[in-house]
Each structure stands twice: as structure tokens, then as C-alpha cells.
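Nothing here was measured: the structure is a model prediction, and the numbers come from that model. Just so it is clear, the values below take in all heavy atoms, side chains as well, and ignore hydrogens, waters and symmetry mates.
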Amino acid sequence: MGKDKRNLIFLGIFAVFFGALFLMGEPVYTGDTFQYENQMVMREPGYPLLIQFLRFLSPEGHYRILTALQNLLAVAANTAVIAFLRRRFHLNMPVSLLFAVILLAPHVMTPVFASTHLVLTNSLMTEGILFSMYPLAVMSLLDMMWSGKPVGRESFRTIGLFFLLSLVRGQMMVLFVVWFLTAYVLTVRNAVKRTEETGNRANALELAENIAKQGLLAALAAVIIVFAARTVVVRVYNYCEQGLFVDTASGKAMAFANVLYVADREDGAVIEDDALRELFYEMYDSADADRMNYKYAPSGILNKAAYHEKCHDELNFTYFAEPAKRYVGDRKGIYTDRYQRLMIEIDEIASQMSAQLMPRVIGRYAMNYMNIIALGFVRTVAYENVFLAWYAVLIYAVAVALTILLWRKNAGGMAASFMAVMLLTIVGNVCATALMIQCISRYMIYNLPLFYMAGFLEILELLKLKERK
């Protein structure tokens, strides 16, 4: 928290807010909680292991302990974020209070506006801790970037935090890419500076050598190691819990729901195996009879995305999964009494169908994908409706323009680099999520408070630059 005792004010604000949420609300058992508490292969190990540990400590009261920890984490993490930004940007008290309110936005928006109406820190799901850990991890990334060192204490601490987040939710793996791109930019910038100092600016060979010396290879190695380590940890966890040395299952099935949504019946002709082709026809015919297909979507980008969203879970859990379970039972004798193995086999069926159908549906898939990410970008910064969709387009355009303008006026300014990282992270989160599932609000608004804080800091920096003239 640093030496600024005024940060205790923000500790108090967050303690009152999250303390009230904890005292006024009971633990919320969601549709995902059953999978976490039973260590199923469809979920990453972080949250299930936390539940398992707390259940060992208190078999009767572990859920209440978990929500208490989630609210305490929210108090500590949000206070640390405010303290970090106050120190880096020398924020006055009014701006700091505004940022505290912005940080609380997801915890207000979700229970008020989201269809689930969940109080995040009282919910027995990964978002209960991720909405607190995520801003803290991004602050670590900014600290890494502003240190100017692509490889060092700050960078290894950051990728370590991202590794932990990815073990809580696979969606966070996109942060590995953001980390590497940040390290790459730092490496190139440092190499260019070093090359200019030697007077050989035009020497491409020396520039390439300096890029390597500045740590690019080390950064690349770190990303590869982290990806590999995560795979090993997940597989070992699934082996210890379920006796199955496998990665997290269900991702391929979720992704196939998007393929099934944009398919036409005649596309099934490309499936080579007769039984698998008949399985596709069964899935398609039942889904089409209930209008679970792109052909029935209304006009308009947001309307099409919303219709896909309405269909996705039903396509995944009902129209695909139920026939697939029967198929696996008939062909391999694996039934619901071996549920974990069944889910892995279903994922494999989804993978086979996707691979064979994708060349036929790629055009429709791409168009639907663009609709999904459009809604995802809107939900990252606003609520979805036609007016706010145009607002989102405007606010992104303003953010990009401000970032370019500030880089030209003050290349060493921190606000522009903060916004650049947020824009990169938003693109990564939206585009990666849309490949697997719908871009629903609780998957998108991780970046909402950080985006608006970065934008406000850009405006403050621009005003300061004008005052100096």
C-alpha cells in the first residue's frame, strides 16, 4: 500500500462495501458449483482445489468461509490497485475516489443488469475471486512495462500471476499472449535504443543481435515453459482426482456448438464415417426443428449475436451432448456411471465433427464470429442496445485516437501505454472467448473498469500537456 496513509481511506471504503455484501448475502450456489466441488475434468484445478481445502477445514461451513475469503480478497486487491495507480500517477483524492467507484462497477453492474443477477463475491464460481485478482495482475503487467525490462523481477512476477489466473479459468490464458507481446515491444524498444547509441541505426544485423540480447529469447522461452507447465499441472490434477491424465474437457464441445449453429443439413455429407454422419443429422434435425440455427436469426448484428447466444447452451448441452452420450454408450460402452471419461469422449466427437465440417461452414462461421465479437466489444464497455453500441464504437475510436495523440506528444507518458495494453487485452479476451462460447457480460467486463481508468488518465495527461504550452 506504500507510505501514503490516505490509502487507508480506500481500504475502509472497500471494507465497508464488500463487508456489507458478505453480511447481507448468503453463498450463492450456481450451475457451475457442482462441477467445482466434485473436481470434474471440465474445470481448471484452481477453484476446485480451494473448495476441497476449505471443505477439509470445515465440512459444514466451507462455503461461508469461501465467500468470506472472496470478499476479503476483493478488499485487499482493490485497495492495492488504487494504491498503485495513486503512486504511479500522483492522483489527487477526488480522482482516486472516482477510480474506487469505477473499480466497484462490475460488482454493481452484474447483480443489477446481468441476467444472472449474481453478487460476484458471494457466488461459488471462479468470478468470485477472478474479478479481484484480475485488476491486480494487470497492475503487475503495467509495472513490468514501466520498468522497461522485458525479463526481470517484474516480468516473472507478472507471468506467475497470469499462470495462477489461468489455473482458475482457462479464459485467462490470453494473458500469456499479452505478456509476451509486451515483453516483445520492450525488447525491440531497448534494442533500437542500444543500436542507436552505437551509431549503427541502419545495421539490421546488429539490431537483430541486440533484440536477442535484450531478452526476446528468454521471454519466448518463459511463455513456452508456462504453457507447458499449465498443461502438466492440469493433467496431473485430473489424474490425481479422476485417474485421467487429460487436459480440461468440454472446450471442444462448446466450440462445436458454434459450428452446429451455422451448419446446413447438406454439410453433413462431408463427414466420412457413416455413424458419425447419422449422428450429425440427428443433432441438426432436432435443432433445426426448434429453430436453433443461424437461418432463424433476426436482422441486425447485435440481434444476430443475441440469437446465437440464446441457442448456444441448448445446442451444446441438449442437441449435441445428449445424442453424443448415446453414441458413445452404444459404440464404446461408456455411460454416465463413468461420467468423466464420457465427457472426454464427447469432446473428441466434437473435435472430429468440427474438423470435417469447418471447411464447408467457414464463411457462415466467420460471419457469425464477427457478430459475436461485436457484441463482446460492446459488453466490455457498455450495456447492449443500439444506442450504446454506437457509443461503444465512439469510445473505442476516442481511446485509439487519444493513445496515438499522446504517443506523438509525449512518448514517455504512462497513460497511453496503459490504454494500449487495455485495448490489446480487450481484443484478446473478446476474440478468444468468441471462439469457444458466447461473449456474455460476466466474461467481458473484467476489462471495463481498467479501460475507463486508462481513458480518464489519458484525458488528464492531455490536459497537463496543454497547460505546459
Side-chain angles (χ1 to χ4, degrees), residues 21 25 28 30-33 47 70 74 78 101-135 138 165 168-172 174-175 254 257-258 297 300-317 368-396 399 422-423 425-455:
L21 291 182
V28 181
T30 71
D32 296 340
T33 308
Y47 204 65
Q70 290 178 172
N78 284 297
V101 172
I102 293 174
L103 270 178
L104 294 176
H107 300 278
V108 175
M109 292 176 64
T110 303
V112 174
F113 296 111
S115 59
T116 56
H117 301 295
L118 291 174
V119 175
L120 293 170
T121 50
N122 287 346
S123 301
L124 304 172
M125 56 198 304
T126 54
E127 284 84 352
I129 58 176
L130 280 179
F131 273 95
S132 302
M133 294 177 64
Y134 184 86
V138 173
L165 292 184
V168 176
R169 188 173 188 87
Q171 176 187 358
M172 296 293 129
V174 70
L175 293 175
M254 286 191 295
N258 291 340
I301 293 174
L302 295 187
N303 290 333
K304 288 179 182 294
Y307 193 83
H308 163 267
E309 187 172 296
K310 174 185 174 183
C311 297
H312 183 276
D313 281 353
E314 281 296 312
L315 286 171
N316 180 18
F317 297 119
N368 186 59
Y369 180 73
M370 297 301 291
N371 295 333
I372 299 171
I373 65 172
L375 182 56
F377 283 121
V378 171
R379 282 179 170 163
T380 300
V381 298
Y383 187 73
E384 72 269 16
N385 63 44
V386 175
F387 173 77
L388 291 178
W390 286 110
Y391 160 79
V393 172
L394 175 63
I395 203 70
Y396 282 124
M422 292 320 305
L423 291 171
T425 307
I426 288 169
V427 170
N429 182 52
V430 171
C431 294
T433 303
L435 287 172
M436 303 295 293
I437 198 170
Q438 326 98 300
C439 289
I440 61 177
S441 295
R442 66 184 171 95
Y443 300 157
M444 295 296 102
I445 60 174
Y446 287 102
N447 293 304
L448 181 145
L450 300 173
F451 172 83
Y452 280 106
M453 287 192 290

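For the atom pair CZ of R169 and OH of Y47, the computed distance is 11.5 Å after rounding to the nearest 0.5 Å. Considering CG of N316 and CE of M436, their distance stands at 10.0 Å, rounded to 0.5 Å. We find the CG-OH distance between L388 and Y383 to be 9.5 Å, quoted to the nearest 0.5 Å. Here L302 contributes atom CG and N371 contributes atom CG; the two are 8.5 Å apart, rounded to the nearest 0.5 Å. Rounding to the nearest 0.5 angstrom, the gap separating the CG atom in D313 from the CD1 atom in I437 is 5.5 Å. Separation of atoms CD (Q438) and NE2 (H312) is listed at 5.0 Å; rounding is to 0.5 Å.
At least one side-chain heavy atom of I445 sits less than 4.5 Å from a side-chain heavy atom of F131. Put simply, the side chain of L118 reaches to within 4.5 Å of the side chain of T30, judged on heavy atoms.
Taking the six-membered ring where the residue is Trp, Y452 and Y391 present parallel rings, their angle staying beneath 30° rather than reaching 60°.
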>> Between K304 and L375, does the side-chain contact (heavy atoms from CB on, under 4.5 Å) criterion hold? Intermediate values first, please.
In response: CA-CA 10 Å; K304 288 179 182 294; L375 182 56; over 6 Å; no
>> Determine whether I372 and H308 satisfy the following criterion, side-chain contact (heavy atoms from CB on, under 4.5 Å), listing intermediate values before the conclusion.
In response: CA-CA 8 Å; I372 299 171; H308 163 267; 3.4 Å; yes
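For the ring-ring contact (aromatic ring centres under 6.0 Å, His included) test, residues two or more places apart in sequence or in another chain that qualify with Y134 are Y446. Remark: T380 engages Y396, I426, V430, M444, N447 in a side chain to side chain contact (heavy atoms under 4.5 Å, CB included) (not counting sequence neighbours).
Of all heavy-atom pairs between A382 and L448, the closest is N-CD1, 4.5 Å. When every heavy atom of L120 is checked against every heavy atom of P106, the shortest pair comes out as CD1-O, 3.7 Å. The minimum heavy-atom distance between M422 and A454, with the atom names listed, is CG-CB, 4.3 Å.
Between the side chain of N429 and the backbone N or O of G376, no donor-acceptor pair lies under 3.5 Å. In this structure, Y369 contributes its side chain and C431 its backbone to a donor-acceptor pair below 3.5 Å. Q171 contributes a side-chain N or O that, together with a main-chain N or O of Y443, makes up a donor-acceptor pair within less than 3.5 Å. Looking at Q70, its side chain does come within 3.5 Å of a backbone N or O of S123 through a donor-acceptor pair. Judged by distance alone, with hydrogens and angles left aside, the side-chain atoms of T33 form a donor-acceptor pair with the main-chain N or O of L124 at under 3.5 Å.
Within a 6.0 Å sphere centred on CD1 of I301, other residues, nucleotides and ligands contribute 12 heavy atoms or fewer.
Residue pairs meeting the salt bridge (Lys or Arg N to Asp or Glu O under 4.0 Å) criterion with at least one member in residues 381-393, sequence neighbours excluded: R379-E384.
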